[in-house]
Amino acid sequence: MAKAKLSDEVKTYIVQALACFDSPSVVAAAVKKEFGVDVSHDPKKAASGLAPKWKALFGETRKTFLEDTATIAISHRAVRLRALQRMAEKAEIQSNMVLAASLLKQAAEEVGNAYTNRRELTRKDGKDLPVPVSPVTIFQLPDNDRS
């Protein structure tokens, strides 16, 4: 039995999902659910002989995806805190105090910037610490190499 040709809408969906790092098996399941179409999820076979328009769409989608984290809800502190709030309330209702305490600690760390690379270091008096200067090693050239 010959395979049915995929519409451009389905192809666009597949290319964009793969560009956003969805695994081929996840994409195949999503296409089945969304469009009712069974697709193979062999990425090497699917990528061979890809038309330039699909390669361009993939490249542009990947670039946009990597540069625009604003569209990913969990990248925002407020979203993460709301989720932690819901989980902590549910843990308390279920009398799971160990989990609730863990979630409260995680929320406190989230608010205190524990999950960022940024650290502000100050002295006891509140003033900034001096920036350490690395000593420069001066190499002496042998007499015959000096010009």
Side-chain angles (χ1 to χ4, degrees), residues 1-139 141:
M1 182 173 171
K3 287 188 177 182
K5 189 170 181 174
L6 298 176
S7 69
D8 278 356
E9 181 184 14
V10 174
K11 290 178 183 178
T12 299
Y13 183 91
I14 292 170
V15 169
Q16 289 178 328
L18 291 171
C20 293
F21 298 99
D22 288 347
S23 71
S25 57
V26 167
V27 174
V31 168
K32 172 75 171 170
K33 182 178 178 184
E34 185 78 20
F35 299 100
V37 177
D38 284 319
V39 292
S40 165
H41 59 274
D42 180 0
K44 290 181 182 176
K45 183 179 177 185
S48 65
L50 200 59
K53 81 175 194 176
W54 301 117
K55 288 180 182 178
L57 176 62
F58 181 92
E60 186 59 36
T61 303
R62 172 71 55 96
K63 181 180 176 212
T64 301
F65 180 77
L66 291 173
E67 292 174 353
D68 187 16
T69 59
T71 60
I72 302 171
I74 202 165
S75 71
H76 301 283
R77 179 185 295 171
V79 173
R80 292 189 303 269
L81 287 170
R82 286 184 69 201
L84 287 169
Q85 173 74 35
R86 288 189 303 270
M87 288 185 272
E89 287 172 356
K90 186 173 182 179
E92 269 191 84
I93 289 169
Q94 295 175 345
S95 297
N96 188 344
M97 294 307 148
V98 173
L99 177 58
S102 172
L103 292 166
L104 291 172
K105 180 182 180 212
Q106 187 174 345
E109 290 171 344
E110 180 75 50
V111 173
N113 287 330
Y115 297 119
T116 66
N117 291 333
R118 184 177 176 186
R119 298 286 187 261
E120 294 182 21
L121 303 174
T122 58
R123 298 188 304 209
K124 288 183 181 179
D125 61 2
K127 293 184 180 178
D128 290 336
L129 288 173
V131 176
V133 179
S134 300
V136 177
T137 306
I138 300 175
F139 294 98
L141 296 172

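In this chain, numbering begins with 1 at the start of the sequence shown.
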Flag, side chain of Ser75 to backbone of Ile72, donor-acceptor distance under 3.5 Å: yes

Closest approach of Ala100 and Ala88, non-hydrogen atoms and distance? CB-O, 4.3 Å

Measure from the side-chain N and O atoms of Thr64 to the backbone N and O of Glu60, and report whether any donor-acceptor pair falls under 3.5 Å. yes

Within the 4.5 Å heavy-atom criterion, are Glu110 and Leu81 side-chain neighbours or not? yes

Residue that, paired with Lys90, satisfies side-chain contact (heavy atoms from CB on, under 4.5 Å) out of Met87, Glu92, Gln94: Gln94

Heavy-atom nearest pair, Val39 first then Val31, reads CG1-CG1, 4.0 Å

Report the C-alpha distance between Lys63 and Asp68 in whole Å, list the side-chain angles of each, state the deciding distance to 0.1 Å, and finish with yes or no for salt bridge (charged side-chain N to carboxylate O under 4.0 Å, His left out). CA-CA 9 Å; Lys63 181 180 176 212; Asp68 187 16; over 6 Å; no

Consider only side-chain N and O atoms of Glu89 and Gln85, and report whether a donor and an acceptor are under 3.5 Å apart. yes

Rounded to the nearest 0.5 Å, what separates atom OG1 in Thr12 from atom CD in Glu9? 8.0 Å

Distance check, rounded to the nearest 0.5 Å: Ser7 atom OG versus Tyr13 atom OH? 12.5 Å

Heavy-atom distance under 4.5 Å between the side chains of Gln16 and Leu57, does that happen here? yes

Which heavy atom in Lys32 sits nearest to a heavy atom in Asp38, and how many Å separate them? CD-OD1, 3.0 Å

side-chain contact (heavy atoms from CB on, under 4.5 Å), that's the test. Do Val15 and Thr61 meet it? Break it down for me. CA-CA 9 Å; Val15 169; Thr61 303; 5.6 Å; no

d(Leu84 CG, Gln106 CD) to nearest 0.5 Å is 4.5 Å

Nearest heavy-atom approach of Asp22 to Leu18 is O-CD2, 3.5 Å

For the residue pair Phe21 and Phe65, categorise the inter-ring angle as parallel (less than 30°), tilted (30 to 60°) or perpendicular (more than 60°). tilted

side-chain contact (heavy atoms from CB on, under 4.5 Å) between Trp54 and Asp8, intermediate numbers included: CA-CA 10 Å; Trp54 301 117; Asp8 278 356; 3.7 Å; yes

Shortest non-hydrogen contact between Leu6 and Lys11, atoms and distance: O-CE, 3.4 Å

